[in-house]
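Side chains are part of it too, since the values below use all heavy atoms of this structure and drop only hydrogens, waters and symmetry mates.
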Amino acid sequence: MGDLALHFIDDCQVEVGFTVAPAFRGQGVAAQALTRLLQYLFVELSRHRVIAQTDCLNLASAALLEKLQFRREGHFINNVFFKGAWGDEYLYAMLASEFENQYPEHKL
């Protein structure tokens with residue numbers, strides 16, 4: 001169906017990544033998986049901040065992060081060389097306090 005990736009930056013921050021197999025796109029699989037992962041990171045592991053980066057051309061990933069109430073914090077210009085060309089990326093973040101306010105059913 002896809003995968004989730006974690007990069008534990010330090011004791012307080014985690015970077016997440018995700019991919020969804022083409023057959024499962026548009027079915028809410030990524031939103032459900034990422035929401036559960038956020039719950040685990042914020043509630044069970046008591047992390048302070050979760051970030052995610054995505055190619056600016058990946059409209060589906062940007063839309064998913066915004067749907068889940070991630071805040072867009074940055075727009076990096078020509079910061080990544082991918083598939084033979086320089087590309088831009090967005091940086092998104094969510095704090096534990098934001099998660100608690102946006103998802104009250106998942107108490108910290």
How long is the gap from CZ on F76 to CG on D55, to the nearest 0.5 Å? 13.5 Å
Do the side chains of Y40 and L64 join up, straight or via other hydrophobic residues, at under 4.5 Å, putting them in one cluster? yes
What closest approach, in Å, do V14 and I9 show between heavy atoms, and which atom pair accounts for it? C-CD1, 4.2 Å
Give the cluster check for M1 versus L4: same hydrophobic cluster or not, with ILVMFWY residues linked at side-chain heavy-atom distances below 4.5 Å. no
Heavy-atom closest pair, residues W86 and N78: CE3-O, 3.3 Å
Kindly say whether V20 contributes a backbone atom to a donor-acceptor pair with the side chain of R25 at under 3.5 angstrom? yes
E89 CD to H75 NE2 distance, which is reported to the nearest 0.5 Å: 9.5 Å
Mind checking whether E98 and Q69 have side chains closer than 4.5 Å, heavy atoms only? no
Please answer: with hydrophobic residues joined when any side-chain heavy atoms are less than 4.5 Å apart, are Y103 and V43 in the same cluster? yes
Measuring only between side-chain heavy atoms, which start at C-beta, is F18 closer than 4.5 Å to T54? no
Please report the interatomic distance OG1(T35) to CG(L68), rounded to the nearest 0.5 Å. 4.5 Å
Among R49, H48, R47, find the one that has a side chain to side chain donor-acceptor pair (under 3.5 Å) with Q13. R49
Is there a side-chain contact between L41 and L6, using heavy atoms and a 4.5 Å cut-off? yes
Starting from F99, can I reach L95 by hopping between I/L/V/M/F/W/Y residues whose side chains sit under 4.5 Å apart? no
Mind listing the closest non-hydrogen atom pair of M94 and F42 along with its distance? O-CZ, 3.4 Å
Atom CG of D11: over 12 foreign heavy atoms under 6.0 Å: no
Salt bridge between R36 and E44, side-chain N to carboxylate O under 4.0 Å? yes
Hey, can you tell me if F70 and Y92 have their rings parallel, tilted or perpendicular (30° and 60° cut-offs)? perpendicular
Quick check: is I77 connected to V80 through a chain of hydrophobic side chains (ILVMFWY, heavy atoms under 4.5 Å apart)? no
So, do L34 and L65 sit near enough that their side-chain heavy atoms are less than 4.5 Å apart? yes
Look only at the side chain of R72 and the backbone of L91, and say whether a donor-acceptor pair between them is shorter than 3.5 Å. no
Are more than 12 heavy atoms from other residues, nucleotides or ligands located less than 6.0 Å from atom CZ of F82? no
